[in-house]
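Okay, structure first, notes after.
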Number of protein chains: 2
Amino acid sequence: MNDTNNSRPRGRPRRFDPGQGVATAQHLFHARGYDAVGVAEITSALGINPPSFYAAFGSKAGLYARVLERYATTDAIPLEDLLRPDRPLAESLAAVLEEAARRYVARPPAAGCLVLEGIGCDDEEARRIAAAYHRAALDRIRHSIAAVHPDTAQRLTDFVSVTMAGLSAEARNGIGLDRLLETARVAGRAVARELAAAG
Amino acid sequence: MNDTNNSRPRGRPRRFDPGQGVATAQHLFHARGYDAVGVAEITSALGINPPSFYAAFGSKAGLYARVLERYATTDAIPLEDLLRPDRPLAESLAAVLEEAARRYVARPPAAGCLVLEGIGCDDEEARRIAAAYHRAALDRIRHSIAAVHPDTAQRLTDFVSVTMAGLSAEARNGIGLDRLLETARVAGRAVARELAAAG
DNA sequence: AATTATTTGTATCGTTCACTACAAAATACC
DNA sequence: GGTATTTTGTAGTGAACGATACAAATAATT
């Protein structure tokens, strides 16, 4: 086991907190996207020099992996809480869509979903990392639907996925919470109707 | 008036067709995005050197403007044809969404909507150009809805806009025509139901 | 033939990109 | 005190970016 050791390590002590660096980088990446934020801007924001950056995070994509890890546990949509098995499915999915609308504009200028926007960036490694989180989230949604309506799980998951991707894009286009929420509710009613029609 | 003159201009003749260059650049931009395609790659694809490129198009963004102009008349969704005033609105909007699904995967690897993807790129000038086409398209859709249901025009336009943005993103994620079409139809039914509910 | 106008190819420009070589600094261990 | 270990700051790497300076080339005009 890792000894939760209070004794300091051997060499020269760090002058910055990598965890805080991940948080700062999260805001930068979320506000402007992976490609648009350079290492120079990050090191400047953290008050460190490039060697400290690479010693701590390995690479820009390595930092991005830690940023997404943090994002998944702090700002991403809490699917486990919203998709309870005892809850009516239509209600759960509507809650997911509304929560997306809220979170995508909750912390301006960090609009949209960090994962969904990361999928489309121009760096291959960053795309792979983001795509893994995307796949996991869709699997989670599809699993919840399939438990009740296995035959329409794929179709409804695709619709929810498209809606969330669209909400993220529109949030980044500056659309406000009220209009995003209206759209999420239209989509939520659509899900309910499809579920009812599927019997 | 411009004389449609057959006589050649004064200086050294061009060795390439700018119109063909716009077409080639359209495929490159559509397949990989504005940011990911460099001027060097374009000039290489056209078999020309940078000075010829800049003499013909002014700048990378200038070429992009001509690309979008071409795209709007050749590959974009023909809103004027689909949103006929004599057609039932629900049918028109469903047709727009289905047509989006089809076109967004019609010419791989040029997936998604060139305009919608351009809006999110990292170049300010290119974003502005793409956003103008986006605004025009949404105005056109909103106008058609408002003619019949002025009070729900904004809400439905937002829903259609989110759906199209999501379809474009998912098309770029590799989702195939069948699943995009299913999603488009779910969204189309949602539009019909909202229109019916609005009386 | 001389002049004017335009495009061409060659060879860059300066900037920004992610990333690193290297030695001094700062700590714990012996 | 001396050594080992780690991080630091300085100063850069090579590559890619969008965009150009410049003169030779090629045409119409005079």
Side-chain angles (χ1 to χ4, degrees), chain A residues 3 5-22 24-25 28-29 32-67 118 121-129, chain B residues 2-22 24-25 28-29 32-67 118 121-129:
Chain A
D3 43 1
N5 205 339
N6 290 359
S7 75
R8 296 167 81 172
R10 191 93 98 94
R12 178 171 174 171
R14 276 225 172 88
R15 285 189 17 126
F16 80 105
D17 175 13
Q20 177 59 42
V22 171
T24 300
L28 289 173
F29 282 142
R32 309 223 315 284
Y34 181 83
D35 297 313
V37 178
V39 171
E41 181 176 1
I42 298 173
T43 56
S44 170
L46 302 191
I48 63 177
N49 299 112
S52 298
F53 175 91
Y54 286 97
F57 306 116
S59 67
K60 184 185 176 185
L63 169 63
Y64 187 60
R66 293 190 55 178
V67 162
C121 82
D122 290 334
D123 183 83
E124 146 105 30
E125 188 175 357
R127 272 201 310 270
R128 271 194 11 248
I129 299 169
Chain B
N2 274 338
D3 43 0
T4 315
N5 206 336
N6 290 358
S7 74
R8 296 166 81 173
R10 193 90 97 93
R12 177 171 176 172
R14 276 224 171 87
R15 286 191 18 135
F16 80 105
D17 174 12
Q20 177 58 43
V22 171
T24 300
L28 289 173
F29 283 142
R32 309 223 314 284
Y34 181 83
D35 297 313
V37 178
V39 171
E41 180 176 0
I42 299 173
T43 57
S44 170
L46 302 192
I48 63 177
N49 295 303
S52 298
F53 176 92
Y54 287 98
F57 307 116
S59 67
K60 183 184 177 186
L63 169 63
Y64 187 59
R66 294 191 53 178
V67 163
C121 83
D122 290 334
D123 183 82
E124 145 105 31
E125 189 176 356
R127 272 202 308 271
R128 272 195 8 251
I129 299 169

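Just so we're on the same page: letters track the sequence lines, and every chain starts at 1. Model, not experiment: these values are computed from the prediction.
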Identify each atom pair where a protein N or O and an N or O of nucleotides 2-4 of chain C are less than 3.5 Å apart, giving names and distance.
| from | atom 1 | to | atom 2 | distance (Å) |
| --- | --- | --- | --- | --- |
| C:dT4 | O2 | B:Arg10 | NH1 | 3.0 |

List every contact pair, protein side and nucleotides 14-16 of chain D side both N or O, where the distance is under 3.5 Å.
none

What N/O pairs connect the protein and nucleotides 18-22 of chain D at under 3.5 Å? Give each pair on its own line.
| from | atom 1 | to | atom 2 | distance (Å) |
| --- | --- | --- | --- | --- |
| D:dG18 | OP1 | B:Lys60 | NZ | 2.8 |
| D:dG18 | OP2 | B:Val39 | N | 2.8 |
| D:dA19 | OP2 | B:Tyr54 | OH | 3.2 |
| D:dA19 | OP2 | B:Lys60 | N | 3.0 |
| D:dA19 | N7 | B:Tyr54 | OH | 3.4 |

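The stretch residues 39-59 of chain B participates, sequence neighbours left out, in these salt bridge (Lys or Arg N to Asp or Glu O under 4.0 Å) pairs: B:Arg32-B:Glu41. Annotation: salt bridge (Lys or Arg N to Asp or Glu O under 4.0 Å) contacts involving residues 52-63 of chain B, sequence neighbours excluded, are absent. For residues 45-54 of chain B, there are no salt bridge (Lys or Arg N to Asp or Glu O under 4.0 Å) pairs, not counting sequence neighbours.
Using a 4.5 Å cut-off on side-chain heavy atoms (C-beta onward), A:Leu63 and A:Ile42 make contact. Side-chain contact between B:Asn49 and B:Thr43: absent, with no pair of heavy atoms (C-beta onward) separated by less than 4.5 Å.
For A:Ser52, a side-chain nitrogen or oxygen approaches OP1 or OP2 of D:dT8 to under 4.0 Å.
Residues forming a ring pair (Phe, Tyr, Trp, His ring centres under 6.0 Å) with A:Tyr54 (at least two apart in sequence, or on another chain): none. With sequence neighbours left out, the side-chain hydrogen bond (donor to acceptor under 3.5 Å, both in side chains) criterion links A:Gln20 to A:Thr24. Every residue meeting the ring pair (Phe, Tyr, Trp, His ring centres under 6.0 Å) condition with B:Phe53, not counting sequence neighbours, appears here in chain and number order: B:Phe57.
Annotation: proximity of residues 11-20 of chain B to DNA chain D (heavy atom, distance under 4.0 Å) is found for B:Gly11, B:Arg12, B:Pro13, numbered in ascending order.
Following rounding to the nearest Å, A:Ile48 (CD1) and C:dA25 (P) show an atom-to-atom distance of 21 Å. Taking atom CG of A:Asp122 as the reference point, atom P of C:dC17 lies 14 Å away to the nearest angstrom.
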Sequence neighbours left out, cut at 3.5 Å: what donor-acceptor pairs do the side chains of residues 121-129 of chain B make with other protein atoms?
| from | atom 1 | to | atom 2 | distance (Å) |
| --- | --- | --- | --- | --- |
| B:Asp123 | OD2 | B:Glu125 | N | 3.2 |
| B:Asp123 | OD2 | B:Ala126 | N | 3.0 |
| B:Arg127 | NH1 | B:Cys121 | O | 2.9 |

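Here the side chain of B:Tyr64 pairs no donor or acceptor atom with the backbone of B:Ala25 at under 3.5 angstrom.
Rounded to the nearest 0.5 angstrom, B:Phe16 CZ and B:Ile48 CD1 are separated by 4.0 Å.
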